[in-house]
Chemist: 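I'd like to ask some things about the structure below.
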Amino acid sequence: MIYTFLLTMAYSEIRKEEAFALKWKDIDFDKRLIRITKALSCSPEDVLYIKEPKNGKTRKVYMDQATLDTLATWKEQQKL
């Protein structure tokens, strides 16, 4: 899990707050992209919540096939 998380961040230029907010529906394996639509944030009271990305805009990040294969393997392992 940690390897997949770090690999995805390294090859996508996604901020960690955005990566923590990702859901499987944000990853399009056929089009080889990740849609960044939200980010995880922490309030001054240490409460976690989901917000818009830092710049306020959603974006698409195209991914290499090796990273997508690793994500697909992790997705399958979660089903077990």
Chemist: First locate atom SG of Cys42, then atom OH of Tyr49, and finally report the distance between them rounded to the nearest 0.5 Å.
Modeler: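 Between atom SG of Cys42 and atom OH of Tyr49 there are 8.0 Å.
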Chemist: Which atom pair, heavy atoms only, marks the closest approach of Lys60 to Leu33?
Modeler: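 Shortest heavy-atom contact: CD-CD2, 4.2 Å.
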Chemist: Which value, rounded to the nearest 0.5 Å, describes the distance between Thr4 atom OG1 and Gln77 atom CD?
Modeler: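 CD of Gln77 is found 7.5 Å from OG1 of Thr4.
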Chemist: Do Trp24 and Val61 belong together in a cluster built from hydrophobic side chains that touch within less than 4.5 Å?
Modeler: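 Same hydrophobic cluster.
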Chemist: Less than 4.5 Å apart, any side-chain heavy atom of Gln65 and any of Leu68?
Modeler: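 Gln65 reaches Leu68 side chain to side chain.
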Chemist: Between atom CG of Asp64 and atom CG of Leu7, what is the distance when rounded to the nearest 0.5 Å?
Modeler: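 If we round to the nearest 0.5 Å, Asp64:CG and Leu7:CG are 7.0 Å apart.
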Chemist: Check whether Leu71 and Met1 end up in the same hydrophobic cluster, where Ile, Leu, Val, Met, Phe, Trp and Tyr are linked by side-chain heavy atoms less than 4.5 Å apart.
Modeler: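 Yes, Leu71 connects to Met1 through the hydrophobic network.
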Chemist: Looking at Ala19 and Ile14, what are the two nearest heavy atoms and their distance?
Modeler: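 Looking at all heavy atoms of both residues, the closest pair is N-CG2, 3.5 Å.
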Chemist: Any heavy-atom pair between the side chains of Ile36 and Thr58 that's under 4.5 Å?
Modeler: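 No - every pair of side-chain heavy atoms lies 4.5 Å or more apart.
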Chemist: Just wondering, do Lys75 and Phe29 contact through their side chains at under 4.5 Å, heavy atoms?
Modeler: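 Heavy-atom side-chain distance check passes, below 4.5 Å.
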Chemist: Grouping I, L, V, M, F, W and Y whenever their side-chain heavy atoms are under 4.5 Å apart, do Leu22 and Met9 come out in a common cluster?
Modeler: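 No, it is not one cluster - the side chains of Leu22 and Met9 are not joined through contacts under 4.5 Å.
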Chemist: Please examine the side chains of Tyr3 and Trp74, heavy atoms only from C-beta on, and report whether any two atoms are closer than 4.5 Å.
Modeler: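 The answer is no; the side chains never approach within 4.5 Å.
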Chemist: Taking the side chain as C-beta and beyond, is there a heavy-atom pair between Thr67 and Thr70 under 4.5 Å?
Modeler: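 With C-beta onward as the side chain, the pair stays apart.
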Chemist: Grouping I, L, V, M, F, W and Y whenever their side-chain heavy atoms are under 4.5 Å apart, do Tyr11 and Leu6 come out in a common cluster?
Modeler: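 Cluster IDs for Tyr11 and Leu6 differ.
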Chemist: Using the side-chain contact (heavy atoms from CB on, under 4.5 Å) rule, take Glu17 and Ser41 through it: C-alpha gap first, then chi angles, then the decisive distance, then the call.
Modeler: CA-CA 7 Å; Glu17 296 85 0; Ser41 190; over 6 Å; no
Chemist: Looking at Ala21 and Leu40, what are the two nearest heavy atoms and their distance?
Modeler: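 Scanning both residues, the minimum pair turns out to be CB-N, 3.7 Å.
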Chemist: Carefully, step by step, assess Ile2 and Phe5 under the rule side-chain contact (heavy atoms from CB on, under 4.5 Å).
Modeler: CA-CA 5 Å; Ile2 293 171; Phe5 180 79; 5.5 Å; no
Chemist: Walk me through it: do Asp26 and Lys38 pass the test salt bridge (charged side-chain N to carboxylate O under 4.0 Å, His left out)?
Modeler: CA-CA 10 Å; Asp26 299 323; Lys38 58 198 166 299; 2.6 Å; yes
Chemist: Could you check if a side-chain atom of Ile34 sits within less than 4.5 angstrom of a side-chain atom of Thr8, using non-hydrogen atoms only?
Modeler: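 They are in contact (side-chain heavy atoms under 4.5 Å apart), so the answer is yes.
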Chemist: Does Arg59 come within less than 4.0 Å of Glu18, counting only side-chain N to carboxylate O?
Modeler: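 Salt bridge between Arg59 and Glu18, a charged N being under 4.0 Å from a carboxylate O: yes.
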